[in-house]
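As structure tokens, the structure follows; a few thoughts come after it.
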Protein chains: 2
Amino acid sequence: MTHVDQPNQPRMRADARRNRERIISAARDVFEAAGNDAQMDDVAAAAGVGVGTVYRHFPNKDALIGELVRQKFEHISRFLAEAKAEGGDPGEALLRSLTRSAEQMELDMATQHVMSQPSPAVWAVCAGCVQEVQDRSGELIAGGIASGTLRPDMQVSDIRLIMGGIASTMADPSLRPSWRRHLELALDSLRAR
Amino acid sequence: MTHVDQPNQPRMRADARRNRERIISAARDVFEAAGNDAQMDDVAAAAGVGVGTVYRHFPNKDALIGELVRQKFEHISRFLAEAKAEGGDPGEALLRSLTRSAEQMELDMATQHVMSQPSPAVWAVCAGCVQEVQDRSGELIAGGIASGTLRPDMQVSDIRLIMGGIASTMADPSLRPSWRRHLELALDSLRAR
DNA sequence: TGACAAACGGAACTCTACCTCCATATCGTG
DNA sequence: CACGATATGGAGGTAGAGTTCCGTTTGTCA
């Protein structure tokens, strides 16, 4: 019943694949502008397809939102991997990747809006990616504590608190311009004293 | 047209005043349980009144939410005043009042849910209280910087960032138990190094 | 190119939640 | 106590948003 283009699964028709991408891209635009209560009809219109087509690719609104969130976690996971590959102190690498994740958030506000009130159905779509992010950051944290860059009591779960906070700042139009300041404060709180 | 019990305004009937309090109290319960999409009918039921009565006291949903938010800012403002009155270092007083505000948030999660997606109409109800909070905290910040307790570049606007972050942690059921940890991190980021 | 399956479009259905309306009940005062 | 003003209750109007359905179009493969 899933419409995702998986290996060892009948390949989607060319137009279907094209439309799927258009819908995801349109969803980003529309959710960015209207937040969580953007409408499926608007997504369809922005993608230049009918509503029926949107529902052919995503069984319901949560599934569409879930796909956006999933791609976001893929990004974060990649930033962690890149920062680590660049070498240097693991703690600094972690803080660098958090900065990049925040910069990515700014470009993809759609997902932030959507994540500020996530439904269980949304999380279900991307449990795997979340786990990967946690594993990768755990490794960097351990290294950063050992080298004295990060506060000795730092935990993996701190990241979610911090980044959730940044997200909430970005989600509020009046606070959004201050997000770098918020990040500065947050990163300072993770550094060893 | 307002139904608030103001001085120099015809006094509300006794039953009306009683119901108004019941409605506000019920709204807190219902919004706490169901978040932003709690329904007016549920509020009415919880208050033991008809929907019509709710609408007699608050012209629409935003007005009801606005009243909750307004009362929340009154609390915060009082915490600031109390912390200051207790004396000691102004910076410590500020951090103490932030802790109390967070503790108050936990008791009144309704407002947090509601503030995570505030509509302009809601903010309009309580512009005055916000200003008062800003003035009072500005004073404590200046003192705390002077005494070397707070980071030298701290600004009034930092508080909104920090507390918004804590609120977003509390609003997410899976993160909520960690709110004290988040507060600890946040307060550390405000202290001078 | 012809035929079949896959994909599409969008009108219409349905469900939900805010809000209105007005007949009835209650309060407060002379 | 009686009477006018105020307040109440809750059924139903209304509007908006998610989803379905099916006749039509388009891609793919032999």
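Sequence lines set the chain letters: A, B, ... in the order given, protein chains first and strands last, and positions in each chain run from 1. Computed from a predicted structure; not experimentally measured.
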Under 3.5 Å, is there a donor on one side chain and an acceptor on the other for B/Q104 and B/D108? no
Would you tabulate the nitrogen or oxygen pairs shorter than 3.5 Å linking the protein to nucleotides 1-6 of chain C?
from, atom 1, to, atom 2, distance (Å)
C/dA6, N3, A/R13, NH1, 2.5

Partners of B/E139 by side chain to side chain contact (heavy atoms under 4.5 Å, CB included), sequence neighbours excluded? B/K84
Checking the side chain of A/T149 only, and the main-chain atoms of A/I145 only, is there a donor and an acceptor separated by less than 3.5 Å? no
Whether B/N19 contacts D/dT8 is assessed here as follows: a side-chain N or O lying under 4.0 Å from the phosphate OP1 or OP2. Is that the case? yes
Rounded distance in Å - CG (B/L64) to P (C/dA17): 16 Å
Less than 4.0 Å between a side-chain N and a carboxylate O, is that true for A/R100 and A/E103? no
Can you name the side chain to side chain contact (heavy atoms under 4.5 Å, CB included) partners of A/S189, sequence neighbours left out? A/I162, B/L185, B/S189
I'd like to check the salt bridge (charged side-chain N to carboxylate O under 4.0 Å, His left out) partners of B/D41; sequence neighbours left out, ordered by chain and number. none
For A/R18 and D/dG27, give me the distance from atom CZ to atom C1', rounded to whole Å. 10 Å
Considering residues at least two apart in sequence or located in another chain, which fulfil the side chain to side chain contact (heavy atoms under 4.5 Å, CB included) criterion with B/S178? A/L161
Can you tell me if the side-chain N/O atoms of A/H57 get under 4.0 Å from OP1 or OP2 in C/dC8? yes
Between A/S147 and A/D89, is any side-chain donor less than 3.5 angstrom from a side-chain acceptor? yes
Dump the pairs, protein N or O against N or O of nucleotides 19-23 of chain D, anything under 3.5 Å, distances to one decimal.
from, atom 1, to, atom 2, distance (Å)
D/dT19, OP2, A/Y55, OH, 3.1
D/dT19, OP2, A/K61, N, 2.9

Could you check whether any side-chain N or O of A/R96 sits under 3.5 Å from a backbone N or O of A/A83, counting only pairs where one atom can act as donor and the other as acceptor? yes
It should be established whether A/T53 places a side-chain nitrogen or oxygen under 4.0 Å from OP1 or OP2 of nucleotide C/dA7. no
Taking atom C1' of D/dA7 as reference, at what distance in whole Å does atom CZ of B/F58 sit? 15 Å
Integer-rounded Å distance: D/dT6 C1' and B/D15 CG: 8 Å
Across the strands shown, which category fits A/A38 at heavy-atom distances under 4.0 angstrom: base, sugar-phosphate, nothing? sugar-phosphate
When the distance from CD of A/Q39 to P of D/dG18 is rounded to whole Å, what number comes out? 6 Å
